[in-house]
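A, B, ... follow the sequence lines: proteins, then strands. Residue 1 opens every chain.
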Protein chains: 2
Amino acid sequence: MALQQDIKVAVDAVVFGYESKGNLSVLLIRRGVDPFKNTWALPGGLVLEHESLEAAVKRELKEETGVTMDYLEQLYTFGKPKRDPRNRVVSVSYFGLVRPNHFKIKADTDADEAKWFPVNDLPKLAFDHKTIFNTAEKRLKGKLLYQPIGFDLLSAEFPFSDLEHLYATILGQDIDRRNFRKKIMSFGFVEETNKIQQVRSGRPAKLFKFNKQKYDALLDNGFYFDIKFV
Amino acid sequence: MALQQDIKVAVDAVVFGYESKGNLSVLLIRRGVDPFKNTWALPGGLVLEHESLEAAVKRELKEETGVTMDYLEQLYTFGKPKRDPRNRVVSVSYFGLVRPNHFKIKADTDADEAKWFPVNDLPKLAFDHKTIFNTAEKRLKGKLLYQPIGFDLLSAEFPFSDLEHLYATILGQDIDRRNFRKKIMSFGFVEETNKIQQVRSGRPAKLFKFNKQKYDALLDNGFYFDIKFV
DNA sequence: ATATATTTGTGTCAATACTACACAAAATAA
DNA sequence: TTATTTTGTGTAGTATTGACACAAATATAT
């Protein structure tokens with residue numbers, strides 16, 4: 001066994017953008033080369049020989065869209081023999097969440113154009129990228145239910161409503177503000193600051209911050225975040 | 001970009017064996033070739049060019065250990081540039097759970113020997129296989145808490161104590177039999193049969209069965225299995 | 001300046017879910 | 001025939017969940 005093998009390894013990124021209440025989008029590029037020339041696709045590309053998978057996906061994302069991500073989580077590896085019509089390509093996919101308006105997106109290398117699309121109104125995607133996207137969306141929702149994802153995303157200090165809207169948007173459903181706040185505060189890793197912020201119209205909001213130390217300590221004790229109910 | 005790339009794609013399997021109360025083991029092979037000749041390792045090997053990842057991992061497992069698995073779940077893809085001292089090898093890992101005594105394990109191809117090891121008493125492992133194993137063990141425990149893993153594993157009809165022991169073993173802690181049974185039965189996808197089985201000494205046990213249809217229907221409705229507490 | 005709209009902040013109560021706990025029944029083994 | 005092993009079952013106290021509404025603080029419109 002251990003025959004000659006000619007399989008390429010690629011990475012693809014599903015980058016979700018949370019802008020404001022109800023606005024969940026995903027970052028796509030328009031392919032500039034065949035196959036699937038001019039079709040929208042997830043940013044990604046081949047891994048370089050001495051580069052880690054994480055480095056590769058961040059590099060491709062940067063090159064193709066201009067977006068820089070600190071944290072991307074590995075999602076799944078797609079390896080069906082015919083998923084790329086040219087060669088055998090195994091794709092290791094990653095996903096992450098950012099605020100779109102923190103970036104000026106660009107076009108570069110073999111991508112013609114990069115653009116945010118609302119998750120509920122996607123164009124046709126190249127390769128098996130729709131499958132990858134679906135997997136990522138499911139995982140994002142699932143993850144939210146037992147991990148305080150989103151704290152990386154919010155500003156260091158944020159009004160509570162930011163968290164509420166983030167959850168409501170990703171889960172695609174309303175949450176009970178009182179119960180949500182009670183639950184989150186009960187965990188103890190979100191703390192009130194004594195700052196107050198006035199952004200929109202309405203009563204000014206206290207700012208809160210995420211205490212990562214406390215959170216990590218809890219995790220070490222086998223703590224299991226649980227907000228299934230909200 | 002799209003430079004020449006010479007990366008190999010491999011698969012590795014972390015197969016857990018649940019035998020009886022307190023006996024959780026993992027299937028290893030002793031490598032017959034360098035590097036790491038004579039060191040214990042996870043079963044696995046290179047993916048063939050026209051073979052899916054799932055097919056590859058099942059084939060390698062069969063060849064190296066004689067174990068046939070219906071269901072293996074993808075775990076994680078390990079791709080650090082130096083994880084294999086020879087070439088760049090990206091490994092897509094899988095994990096699963098079986099009853100060890102259902103198989104006669106053998107030795108074959110480039111594996112010298114296959115053997116079950118208790119998870120708490122592992123030998124030194126080749127490559128980064130200890131990392132892979134740790135990831136799998138963590139995932140197995142986590143999965144148990146929100147999915148009825150183990151029904152594939154048990155006989156079609158089983159006494160309730162089998163489930164209890166499976167959970168207790170994998171979680172590595174005692175469970176309250178009454179509360180556990182109440183909770184599982186409340187889900188509605190485990191049904192009592194009218195058969196009775198006498199195996200060990202003690203009162204004979206009713207046999208139960210898993211109703212996969214009901215389970216799948218629940219999943220479709222966004223149902224979230226939850227037995228964190230047991 | 002005043003009225004209107006918007007957003008934040010907060011408590012209670014009923015219903016459900018969790019957890020701790022012990023003993024009889026049915027069989028085998030000694 | 002007695003001891004041992006394993007199954008099967010209910011209750012009550014406690015904790016968590018989820019439903020629900022209105023006043024406070026500000027911006028915006030007239």
Anything under 3.5 Å between a protein N or O and an N or O of nucleotides 20-23 of chain C, put it in a table, one pair a line.
| residue | atom | partner | partner atom | Å |
| --- | --- | --- | --- | --- |
| dA20(C) | N7 | Asn179(B) | ND2 | 3.0 |
| dA20(C) | N6 | Asn179(B) | OD1 | 3.4 |
| dA20(C) | N6 | Lys182(B) | NZ | 3.4 |
| dC21(C) | N3 | Arg178(B) | NH2 | 3.1 |
| dC21(C) | N4 | Arg178(B) | NE | 3.3 |
| dA22(C) | N1 | Arg178(B) | NH1 | 3.2 |

| query | Who passes ring-ring contact (aromatic ring centres under 6.0 Å, His included) against Tyr94(B), sequence neighbours left out? | reply | none
| task | Check side-chain contact (heavy atoms from CB on, under 4.5 Å) between Lys143(A) and all other residues, then give those that pass, not counting sequence neighbours. | result | Glu73(A), Phe95(A), Gln147(A), Ile149(A)
| query | When the aromatic ring centroids of Tyr18(A) and Phe16(A) are compared, is their separation below 6.0 Å? | reply | no
| request: Take atom CZ of Phe180(B) and atom P of dT7(D), then tell me their distance rounded to the nearest Å. | output: 13 Å
| remark: Between CD of Glu164(A) and P of dT8(C) the distance, given in whole Å, is 7 Å
| task | Using only side-chain N and O atoms of Lys183(B), determine if any of them is under 4.0 Å from OP1 or OP2 of dC18(C). | result | yes
| query | Should Ser161(B) be listed as having a side-chain N or O under 4.0 Å from OP1 or OP2 of dT7(D)? | reply | yes
| task | Quick one: which residue pairs count as a salt bridge (Lys or Arg N to Asp or Glu O under 4.0 Å) with a foot in residues 197-215 of chain B, not counting sequence neighbours? | result | Asp162(B)-Arg200(B), Glu191(B)-Lys214(B), Glu192(B)-Lys206(B), Lys212(B)-Asp216(B)
Under 3.5 Å donor-acceptor pairs involving side-chain atoms of residues 119-128 of chain A, not counting sequence neighbours:
| residue | atom | partner | partner atom | Å |
| --- | --- | --- | --- | --- |
| Asp128(A) | OD1 | Arg83(A) | NE | 3.3 |
| Asp128(A) | OD1 | Arg83(A) | NH2 | 2.9 |
| Asp128(A) | OD2 | Arg83(A) | NE | 2.7 |

| message | Phe117(A): which residues meet the ring-ring contact (aromatic ring centres under 6.0 Å, His included) condition with it, sequence neighbours left out? | response | Trp40(A)
| said: What is the separation between atom CD on Glu192(A) and atom P on dT8(C), rounded to the nearest whole Å? | reply: 14 Å
| What's the CG-P distance between Asp174(A) and dG18(D), to the nearest Å? | 15 Å
| query | Can Asp12(B) and Ser93(B) be said to form a side chain to side chain donor-acceptor pair (under 3.5 Å), step by step? | reply | CA-CA 5 Å; Asp12(B) 287 300; Ser93(B) 60; over 6 Å; no
| Base, backbone or nothing for each nucleotide of nucleotides 25-30 of chain C, written B, S, -, heavy atoms under 4.0 angstrom, 5' to 3'? | BBBS--
| note | Picking from dC18(C), dT9(D), dG9(C), the nucleotide nearest the side-chain atoms of Arg181(B) would be dT9(D)
| Qualifying residues under side-chain contact (heavy atoms from CB on, under 4.5 Å), relative to Asn134(B), sequence neighbours excluded | Lys130(B)
| said: Can you measure Gln197(A) atom CD to dA27(D) atom C1' for me and round it to whole angstrom units? | reply: 15 Å
| remark: Applying side-chain contact (heavy atoms from CB on, under 4.5 Å) to Ala56(B) and not counting sequence neighbours gives Val11(B), Val47(B), Glu51(B), Arg59(B)
